[in-house]
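We use all heavy atoms of the structure for the numbers below, so side chains are in, but hydrogens, waters and symmetry mates are not. Note that this is a predicted model, so its numbers are computed, not measured.
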Amino acid sequence: MKKKIILTLSVATLGIVIGGCSASFSTNSGDTSAAKPTNTAASPAANKSANSGSTSDKPKTALKDSKKPEGNAKSAKKDNPIPDNWIYVYDEAKGYGFYVPEGTVGESETVDGVDTFLAETPAPSGVAIVVIAFNDKTMTKDDLLNVAVKFLEEMGETVTPGKLIGESDEYAVAEVTTASKDGTKGKGKILVGMDVSDNYVMILGTEEAKFAANEKIIDEIWGSFEMWSGE
């Protein structure tokens, strides 16, 4: 049975339902079957921990290359190099897109206006990706960092975030380290983006011992993030 979580955020009073994936940085699947994920509404489920590490809890839907919208987007990094074999993931409903390595698997759900996308890059990298998107004009970048921290804490992780470093007026990035209850340590980066009333939180990470080998992939993913919203 697919596990789900309801996460109530004190900064925004939002209900987020997470389906079919552990947010732990210690993931590494490699299943590359099926089609591009779509946003599907789901009913709230009982509050459960999804940090079991079971492969059945991980996304299994292989992402397909999306057509990039025409026009100008607000990019996290203008000069970010994208490998030729990467594909573009685009969420038309929430107005964001980014590149991932071909073979990445992912799934998404939208509940009460909050879109949550979870994915994992193919082996050997196994980088965990979480994107949370919602509307709230009152949020600050620090509030969005707090959303990421609370998300990981809800997964049973002890979280130590670094300081946000501004990439532009719209974006900022922070490093983060985590520790699970079984002692597994993780390391990653959190990108926060704001576009008028649209808010985006991207969490990327892996086991701490694998971070150095995967940091370039992590930087290329968050660096490719684009906002096509502006409403």
Backbone of [Y] reached by a side-chain donor or acceptor of [X] within 3.5 Å:
X	Y	value
Asp195	Asp198	no
Thr110	Val114	no
Thr121	Val127	yes

Gap between atom [atom2] of [Y] and atom [atom1] of [X] - 0.5 Å precision:
X	Y	atom1	atom2	answer
Ser108	Asp91	OG	CG	6.5 Å
Phe211	Leu204	CZ	CG	9.5 Å
Glu102	Ile87	CD	CD1	6.5 Å
Ile218	Lys187	CD1	NZ	9.5 Å
Lys150	Leu152	NZ	CG	12.0 Å
Asn146	Phe151	CG	CZ	14.0 Å

* Asked: Do NZ/NE/NH1/NH2 and the carboxylate oxygens of Lys189 and Glu215 come within less than 4.0 Å?
  ->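 Looking at Lys189 and Glu215, the cut-off is met.
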* **Residues Glu220, Lys216: salt bridge by 4.0 Å N-O rule** =>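 Salt bridge present between Glu220 and Lys216.
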* Asked: How far apart are the C-alpha atoms of Val131 and Thr116, what are their side-chain angles, what is the distance that settles it, and do they pass the side chain to side chain contact (heavy atoms under 4.5 Å, CB included) test?
  -> CA-CA 6 Å; Val131 179; Thr116 308; over 6 Å; no
Would a 4.5 Å heavy-atom cut-off, applied to side chains only, mark [X] and [Y] as touching?
X	Y	value
Tyr99	Val89	no
Glu207	Lys185	no
Tyr171	Leu191	yes
Thr104	Pro122	yes
Ile129	Leu118	no
Met139	Val147	yes
Val173	Ile165	no

* Asked: Side chains of Glu226 and Tyr88: donor-acceptor distance under 3.5 Å anywhere?
  ->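 Side chains of Glu226 and Tyr88: pair found under 3.5 Å.
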* Are side-chain N/O atoms of Asn214 and Ser125 paired as donor and acceptor at under 3.5 Å? ->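 There is no such pair between these side chains.
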Of all heavy-atom pairs between [X] and [Y], which one has the smallest distance, and what is that distance?
X	Y	value
Lys181	Gly156	CG-O, 3.8 Å
Gly126	Thr206	O-OG1, 4.3 Å
Ala172	Lys141	CB-CD, 3.7 Å

* To do: Could you go through the side chain to side chain contact (heavy atoms under 4.5 Å, CB included) check for Leu164 and Leu145 one step at a time?
  => CA-CA 8 Å; Leu164 283 171; Leu145 179 61; 3.8 Å; yes
* Taking Asn199 as the fixed residue, which of Leu144, Thr140, Ile132 is the one that meets the side chain to side chain contact (heavy atoms under 4.5 Å, CB included) rule? ->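 It is Leu144; the other options fail the test.
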* Out of Trp228, Tyr90, Phe117, which residue meets the side chain to side chain contact (heavy atoms under 4.5 Å, CB included) rule with Tyr96? ->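 Between Tyr96 and the candidates, side chain to side chain contact (heavy atoms under 4.5 Å, CB included) is satisfied uniquely by Phe117.
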* Asked: side-chain hydrogen bond (donor to acceptor under 3.5 Å, both in side chains): which pairs involve residues 158-169, sequence neighbours left out?
  ->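 For residues 158-169: Ser168-Glu170.
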* Walk me through it: do Met202 and Phe98 pass the test side chain to side chain contact (heavy atoms under 4.5 Å, CB included)? => CA-CA 10 Å; Met202 172 179 266; Phe98 58 95; 3.7 Å; yes
